[in-house]
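Report on the structure given below.
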Amino acid sequence: MLHLLPLSTLLLLRSVLATPRPSPAPQALPLLIWHGLGDNYAADGLRSVGDLAIDVNPGTFVYYIRLDESPDSDKSATFFGNLTEQIASVCADLAAHPILSTAPGVNALGFSQGGQFLRAFVERCNVPPVKTLVTFGSQHNGISKYQICLPNDWLCKTYIGLLRANTWGAWVQAHLVPAQYFRATNATTGEPTDEYLARSNFLADVNNEREVKNATYKKNLASLDKFVMYVFEQDTTVVPKESGWFAQVNTSSGKVTPLRNRTIYTEDWIGLRELDEKGALEFKSTEGRHMRLDDEVLTDVFEEYFSPAQGSWESLQKDAQGQLEL
Ligand SMILES: *[C@@H]1O[C@H](CO)[C@@H](O)[C@H](O)[C@H]1NC(C)=O
Ligand SMILES: *[C@@H]1O[C@H](CO)[C@@H](O)[C@H](O)[C@H]1NC(C)=O
Ligand SMILES: *[C@@H]1O[C@H](CO)[C@@H](O)[C@H](O)[C@H]1NC(C)=O
Ligand SMILES: *[C@@H]1O[C@H](CO)[C@@H](O)[C@H](O)[C@H]1NC(C)=O
Ligand SMILES: *[C@@H]1O[C@H](CO)[C@@H](O)[C@H](O)[C@H]1NC(C)=O
């Protein structure tokens, strides 16, 4: 019935239909960043990483994960605290956040221990859902040695002394963070020790190493679009550095058993095999010592993994709509 409309209306209609409407640039997904041991969420170095993410993908909303609004307390929580409670507190913060809670998906970047904690967030909560998780120098398969202190760093020495003295004690497991991702194996069999399996307050659980596996952990981790793990080639802080790829290292011979040769993968305890089989698991390395990151590496990561072309606010909402209609 178009021909019955007045000519002016027809002309207007035609011009509206003919003018290509400027399609708004797709909105980048928010980015979660979780810092490492001894750092805090407000530190300049960390902020410059977030600023770079925004330079590369304009409009990115960056959220710096914190255990406390006070930077000093947030830093102290990287050393002291029960990881079960810390991760639950992050889950509650993110689920209640005015912007993040409305996002159809987010990306996540974890530095050092922040990497395995973000993975735990995915496994246990994943609200908002993480699309791409990138970790740098993380301790996914735990550590077999505590970090060595500088010669005159007495505070560090006292702290490490406490860790060493009683790693499997209930107090240490409930209060000292690195003890909760320490992993002890039997030198002959390579199997995790009974003490580790019984007492580890974090790692044995999130890696589903105990007899009873948590199916939610596997389902959530396997739901990632991509999980990218970077190891620092000259890392001497994380022992063994291959932990960043979930590899197991024989501490006396130095022999590395890669993830794909381990039971956690072959029996797919946490969804890593499923990710790998859909081409979503990446093992990357970068030059340098622990956390010596330059802007070039980060820029590549932001372009390759966090750009709106990989997943944007609109594309995910459309996907969700499509699923509802099915
Ligand atoms: C598995 O993990 C989910 C998410 O953290 C939790 O709600 C659930 O209670 C766990 N199940 C078991 C059997 O521990
Ligand atoms: C850590 O906190 C959780 C939750 O409050 C608690 O169930 C668990 O026993 C604590 N861990 C240790 C080693 O005390
Ligand atoms: C390591 O495993 C072997 C073989 O099962 C066992 O004989 C030995 O006692 C274990 N060592 C320790 C320290 O548990
Ligand atoms: C680790 O290496 C040592 C020394 O080469 C060897 O005796 C031991 O059997 C190895 N352990 C495992 C679990 O392969
Ligand atoms: C890993 O498994 C493959 C295939 O089963 C085998 O060929 C390879 O030697 C193993 N590598 C290591 C380091 O154990």
Side-chain angles (χ1 to χ4, degrees), residues 65 67-68 73 76-95 113 116-117 119-121 123-125 139-146 159 162-214 216-217 229 231 233 239-269 272-277 281 283 285:
I65 290 184
L67 270 315
D68 199 292
S73 306
S76 124
T78 69
F79 294 100
F80 302 102
N82 174 333
L83 283 172
T84 314
E85 290 166 3
Q86 290 194 350
I87 285 153
S89 131
V90 168
C91 288
D93 286 351
L94 300 194
Q113 69 181 18
Q116 65 263 28
F117 301 166
R119 175 166 64 85
F121 163 77
E123 292 180 16
R124 290 185 181 160
C125 305
Q139 294 89 359
H140 289 300
N141 195 49
I143 48 173
S144 59
K145 265 206 184 86
Y146 292 113
Y159 183 73
L162 275 172
L163 284 169
R164 285 214 184 99
N166 197 10
T167 282
W168 307 119
W171 187 87
V172 170
Q173 283 296 317
H175 294 93
L176 304 187
V177 168
Q180 298 165 63
Y181 55 81
F182 190 88
R183 189 170 185 275
T185 52
N186 178 311
T188 320
T189 64
E191 293 300 319
T193 64
D194 292 345
E195 266 183 326
Y196 163 77
L197 289 175
R199 294 171 171 265
S200 167
N201 188 53
F202 174 75
L203 196 73
D205 179 73
V206 292
N207 284 2
N208 259 343
E209 291 188 90
R210 300 198 170 109
E211 211 154 327
V212 178
K213 318 289 183 205
N214 188 316
T216 305
Y217 291 0
M229 304 174 286
V231 160
E233 282 159 23
V239 183
K241 64 175 190 288
E242 292 82 358
S243 183
W245 288 332
F246 282 96
Q248 161 102 10
V249 180
N250 179 329
T251 43
S252 49
S253 70
K255 184 173 176 284
V256 179
T257 306
L259 171 64
R260 293 183 180 117
N261 288 51
R262 302 187 56 216
T263 326
I264 187 175
Y265 179 92
T266 54
E267 292 184 358
D268 208 11
W269 293 344
L272 293 169
R273 183 175 185 156
E274 198 175 324
L275 283 172
D276 199 22
E277 286 172 353
L281 190 63
F283 301 82
S285 63

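Order of appearance sets the numbers: ligands from 1, and atoms from 1 within every ligand. As the structure is a prediction and not an experimental result, all values here were calculated from the model.
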| For atom 2 (O) of ligand 4, is the nearest protein heavy atom closer than 4.0 Å? | yes
| task | State whether any protein heavy atom lies less than 4.0 Å from atom 14 (O) of ligand 2. | result | yes
| message | Just to be sure I'm reading this right: ignoring hydrogens, which of Thr189, Asn250, Thr185, Asn186 gets closest to atom 8 (C) of ligand 4? Compare them by their nearest heavy atoms. | response | Asn250
| Looking only at protein heavy atoms, which one is nearest to atom 6 (C) of ligand 2, and how far off is it? | Asn82 ND2, 4.2 Å
| Charged N to carboxylate O below 4.0 Å: is that the case for Glu267 and Lys213? | no
| Got more than 12 heavy atoms from elsewhere within 6.0 Å of CZ, Arg199? | no
| task | Measure the distance from atom 5 (O) of ligand 4 to every protein heavy atom, then report the residue, atom name and distance (to 0.1 Å) of the closest one. | result | Ser253 CB, 3.4 Å
| What are the atoms of ligand 4, with element, lying closer than 4.0 Å to any heavy atom of Gly190? | 13 (C)
| Tell me, which protein residue and heavy-atom name are nearest atom 9 (O) of ligand 4, and how many Å apart are they? | Thr188 O, 4.1 Å
| query | Considering only protein heavy atoms, which is closest to atom 4 (C) of ligand 4, and at what distance to one decimal place? | reply | Ser252 OG, 3.7 Å
| query | If you measure every N/O of Asn261 against every N/O of ligand 5, is any gap under 3.5 Å? | reply | yes
| query | Atoms of ligand 5 less than 4.0 Å from Val256 heavy atoms? | reply | 13 (C)
| query | Can an N or O of Gln173 be found at a distance shorter than 3.5 Å from an N or O of ligand 2? | reply | no
| request: Just need the protein heavy atom nearest to atom 12 (C) of ligand 2, so name the residue and atom and give the distance. | output: Ala174 CB, 3.5 Å
| Which of the ligand 2 atoms, numbered from 1, are nearer than 4.0 Å to a heavy atom of Glu85 | 2 (O), 4 (C), 5 (O)
| query | Would you say the side chain of Arg119 lies within less than 4.5 Å of the side chain of Asn207, judging by non-hydrogen atoms? | reply | yes
| Do Arg124 and Asp205 sit within salt-bridge range, that is, some charged N less than 4.0 Å from a carboxylate O? | yes
| message | Centre-to-centre under 6.0 Å for Tyr159 and Phe80, is that the case here? | response | yes
| Is the closest side-chain donor-acceptor distance between Asn186 and Glu191 under 3.5 Å? | no
